[in-house]
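Contents: one structure, followed by commentary.
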Amino acid sequence: MLKRVVLIINLIFVSQFVFSQAKSRADRFFEKGDYTNAAKYYEIDLESSNHKKDLENIVISYYNTFEYGKATRYLRLLVNGRFVEDDKTYDNEFNFKYYQLLSALGDYEKGIDYLERYKGNDSIAFNKDDAISTIEDFKLMDSDYKIELAKFNSSASDFGAVKHNESVYFTSDRESESKLLEKKFKWTHRPFLDIYSVRVSEENDTIGGVVKLPESINSKLHEGNFCFSKNGLTIYVSRSNFVDGKKEFDEDDKNNIHLYKATLNEGIWSNLEKLPFNIEKYSYQHPALSPDEKKLYFSSNQDDSIGSFDLYYVDISDDGTFGEPVNLGTTINTVNREHFPFISDDGHLFFSSNGHLGLGMLDNFVSEFVDGAFTKPVNLGAPINSQYDDFSLNYTNKTQGFFASNRKYKDDNIYSFDQTGEIFIREYINKFEIRDQQTEDFVSNVSVTLIDRKGNLIYENTLDSIASFSKNLLANNYVLNASSQGYHNGVLRVKVLEEQDQKHLLYLEKLPPPKPPDPPDPPDPIEVIIAEKNIDEDLKEEDPKRFEMLTDVEGPPIVQKEGKLFFELEPIYFDFDKWDIREDSKVILDELAEKLERYPNIHIKISAHTDSRGSERYNQILSERRAESTRNYLALVGYVNARRIKFQGYGELWPLVDCPQSQCTDEEFQINRRSEFEIVKY
């Protein structure tokens, strides 16, 4: 009996010893939330062999410390099964992280592949082509905002700016004057978050220094996002859960974030009081009051959440008591994260999410409040959103406010914004008229079609003596086509703006009177082209599409050089040191766009070249900008799908005229500043 007891004790000791041996130094840092040190030691562990758990943990560590490039490197190994274990499966959440990271690094099309895999593994319907089209619309849409980096940012993380009276209040982990004694947060190796204030002018220029709120508000732990009542006498704060100055831990040994409240009395803030609906094992954060202050909105991961964190609200009664949390539902919340709610004076909900389709990591969205309910969220687009984390947006008046982003730095920074356009999807009244070019009278019996930029038919009709019609349209690009007997066909490219009662005129030119009998037929132009271009007679049977393009006489001709196809255009020249499309080149690109419209399967590559003046690096960058500028003109003005166009700059590498030591005339330099258009797919 004694031996059995001893054996059991020894077995327990051995198993504990093996377990402690199996848990690496990296694991121990990881479990403590010290992701910076965890990543450092996982790097060492992975030098000897790739274990799945180590790869997963180093990805999470770099992801949580915003080292997206390093996280992607190891995530690529994980999703491709480059680890020693036989079981090559991994948690589906890493497919979502790979989608985010690839999007943040600019490869959003590949990222969408992993979003499709993530959705498919959870049996969620998903259309990859629609997703890519939506993201391209985000990138090409007109901006509704102007932004500027706030002047009171520091080298630390600053976010959650709220303006009240003449001061801006915000959250920061900047170091205090007593930084030697300051406790550091293991996750970031920086001080814990506190709330600060700074006086500002009407232009948000700082007046005086930044001041930390008193200890009744700021503790030794985190104080994060917050909001004020309109009179400024009440503040709601997200902070680390604690009681009597000590951390409170849940059953999983986590110190969650809870919501607190304090009141201002004769210039002194009361101690923060925990709100009654907080539950110890969940987090509650990012408070926001409704305009009538009868609802408090927030983000939480409590047990009825749809995904990670959802948006909720509680009712606030007249006597100051709080109701139970109400989930905002699937219109707003996704299986991923929704944070940072803000309710405008009109009742519209602004929030951040990585679950709704966006440009990268967290994006800012708005949901319009209509007939007592929030509508499907709208992505606010660039420049409010970027490939990185964009969040914590709130308005200080009807058109101005603040948001935070880590787009330029590893740490978060506060930006101010001015809203310059309409952020909700609206239809605007547009009137169209078709008139004679010379007399300006209406053209009778004219047939018209109106199509949007994706080729969808919006309107079609044959108009009588009054060649006019009106249509309510979304702000976008459209094409009006008109034809009538005795007139040349007409095309009008229309840009519908965010304003009512827009008018668009299309003038048709009359056909000339009949010509006298033609002389004998000239040679067949197709045969002439075949002879001039030395086209193989068998090409018509072997590759009919190539034959058709080479013999097409309409628009810019297509030629064959060393087996490759090119559009033979008049040169697309650029002024010295510039990448703007010149007026003389716009006509050429318009003709190219029209021909590409007739050949919807053609994909092209734009190659831009510079002259040899300037450094090689400068010329490389300049050529890339010229190529991109040419692509953007074809996409935005010519309505050519951007996915059909690749572009690349070659700097001064391939001149047409050699200029040793830049000894060329202006005309010779001009020849070298050119663009070429290769057909890479048809």
Side-chain angles (χ1 to χ4, degrees), residues 160 162 164 171 224-239 241 256-263 272-356 362-378 380 391-395 401 403 424:
V162 174
H164 182 69
T171 300
N225 277 71
F226 57 91
C227 69
F228 289 103
S229 59
K230 287 185 177 179
N231 60 17
L233 300 180
T234 302
I235 185 172
Y236 295 90
V237 180
S238 308
R239 79 182 311 181
N241 180 23
N256 290 310
I257 302 297
H258 282 183
L259 291 175
Y260 292 75
K261 170 186 174 183
T263 55
L272 286 170
E273 173 189 352
K274 188 187 296 189
L275 299 184
F277 54 82
N278 289 287
I279 300 175
E280 187 176 272
K281 63 179 179 178
Y282 304 116
S283 281
Y284 301 81
Q285 55 196 20
H286 311 154
L289 282 169
S290 61
D292 61 7
E293 302 190 355
K294 292 185 177 181
K295 284 182 171 59
L296 180 68
Y297 291 81
F298 55 90
S299 176
S300 177
N301 63 342
Q302 68 176 42
D303 59 0
D304 65 340
S305 65
I306 296 167
S308 172
F309 274 83
D310 283 1
L311 297 187
Y312 293 80
Y313 73 86
V314 293
D315 289 313
I316 306 175
S317 63
D318 293 339
D319 62 4
T321 57
F322 296 87
E324 293 299 316
V326 178
N327 190 296
L328 291 188
T330 55
T331 299
I332 301 300
N333 293 314
T334 69
V335 295
N336 300 109
R337 291 191 293 142
E338 279 69 46
H339 290 308
F340 303 101
F342 170 77
I343 309 297
S344 70
D345 288 341
D346 296 321
H348 307 315
L349 170 64
F350 294 80
F351 66 99
S352 302
S353 172
N354 67 359
H356 296 284
L362 280 175
D363 269 9
N364 289 302
F365 292 82
V366 62
S367 178
E368 189 174 11
F369 191 66
V370 178
D371 297 330
F374 292 119
T375 60
K376 181 181 178 182
V378 175
L380 293 181
F391 58 99
S392 188
L393 181 144
N394 71 83
Y395 281 74
F403 74 100
F424 295 112

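All of these numbers come straight from a predicted model, not from anything done at the bench. Position 1 is the first residue of the sequence, and the numbers go up from there.
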Contacts of type side chain to side chain contact (heavy atoms under 4.5 Å, CB included), residue [X], not counting sequence neighbours:
X      : result
Asn301 : Tyr282, Ser283, Phe309
Asp371 : none
Phe424 : His348, Val366, Glu368, Glu422, Arg426

[X] side chain to [Y] main-chain N or O, any donor-acceptor pair under 3.5 Å?
X      : Y      : value
Ser367 : Thr375 : yes
Lys274 : Lys261 : no
Asn333 : Leu311 : yes
Asn354 : Arg337 : yes
Glu293 : Leu289 : no

Under the side-chain contact (heavy atoms from CB on, under 4.5 Å) rule, what do Phe322 and Leu275 come out as? Steps first, then yes or no, please.
-> CA-CA 8 Å; Phe322 296 87; Leu275 299 184; 3.8 Å; yes
Using ring-ring contact (aromatic ring centres under 6.0 Å, His included) as the criterion, list what pairs up with [X], not counting sequence neighbours.
X      : answer
Phe228 : His164, Tyr169, Phe226
Tyr297 : Tyr313
Phe340 : His286, Phe391

pair [X]-[Y]: side-chain heavy atoms closer than 4.5 Å:
X      : Y      : value
Leu328 : Leu349 : yes
Asn241 : Tyr260 : yes
Asn394 : Phe403 : no
His356 : Glu338 : yes

Please identify each residue that fulfils side chain to side chain donor-acceptor pair (under 3.5 Å) with [X], with sequence neighbours left out.
X      : answer
Asp310 : Asn327
Asn336 : Tyr118
Ser238 : none
Asp303 : none

Is Asp318 atom CG crowded by more than 12 heavy atoms from other residues, nucleotides or ligands, each under 6.0 Å away?
->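 No - once you tally the heavy atoms of other residues, nucleotides and ligands closer than 6.0 Å, there are 12 at most.
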Minimum heavy-atom separation for [X] and [Y], please, with both atom names.
X      : Y      : value
Phe298 : Pro287 : CB-CA, 4.4 Å
Leu272 : Ala262 : CD2-CB, 3.5 Å
Pro341 : Ala288 : O-CB, 3.2 Å
Pro291 : Ile343 : CD-CG2, 3.5 Å

Can Ser299 and His339 be counted as having a side-chain donor-acceptor contact under 3.5 angstrom?
->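 Side-chain D/A pair, Ser299 to His339: present.
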Give a yes-or-no answer on whether the side chains of Asn278 and Glu280 include a donor-acceptor pair shorter than 3.5 Å.
-> no
Could you state the interatomic distance from [atom1] ([X]) to [atom2] ([Y]), rounded to the nearest 0.5 Å?
X      : Y      : atom1 : atom2 : answer
Leu296 : Leu259 : CG    : CG    : 6.5 Å
Leu380 : Asp363 : CG    : CG    : 8.5 Å
Phe351 : Leu362 : CZ    : CG    : 11.0 Å
Ser300 : Ile279 : OG    : CD1   : 8.0 Å
Ile316 : Asp319 : CD1   : CG    : 11.0 Å

When you look at Tyr312 and Tyr284, which way does the ring-ring contact (aromatic ring centres under 6.0 Å, His included) test go after all the steps?
-> CA-CA 9 Å; Tyr312 293 80; Tyr284 301 81; 7.7 Å; no
Tell me, with the steps shown, if Ser344 and Phe369 meet side-chain contact (heavy atoms from CB on, under 4.5 Å).
-> CA-CA 10 Å; Ser344 70; Phe369 191 66; over 6 Å; no
Contacts of Lys295 meeting salt bridge (charged side-chain N to carboxylate O under 4.0 Å, His left out) (sequence neighbours excluded), chain-then-number -> Asp315
Partners of Asp346 by salt bridge (charged side-chain N to carboxylate O under 4.0 Å, His left out), sequence neighbours excluded?
-> Lys398
Stepwise side-chain contact (heavy atoms from CB on, under 4.5 Å) check, Val237 with Asn225 | CA-CA 6 Å; Val237 180; Asn225 277 71; over 6 Å; no
Check the pair Ile306 / Thr330 against side-chain contact (heavy atoms from CB on, under 4.5 Å), numbers first and verdict last.
-> CA-CA 8 Å; Ile306 296 167; Thr330 55; 3.6 Å; yes
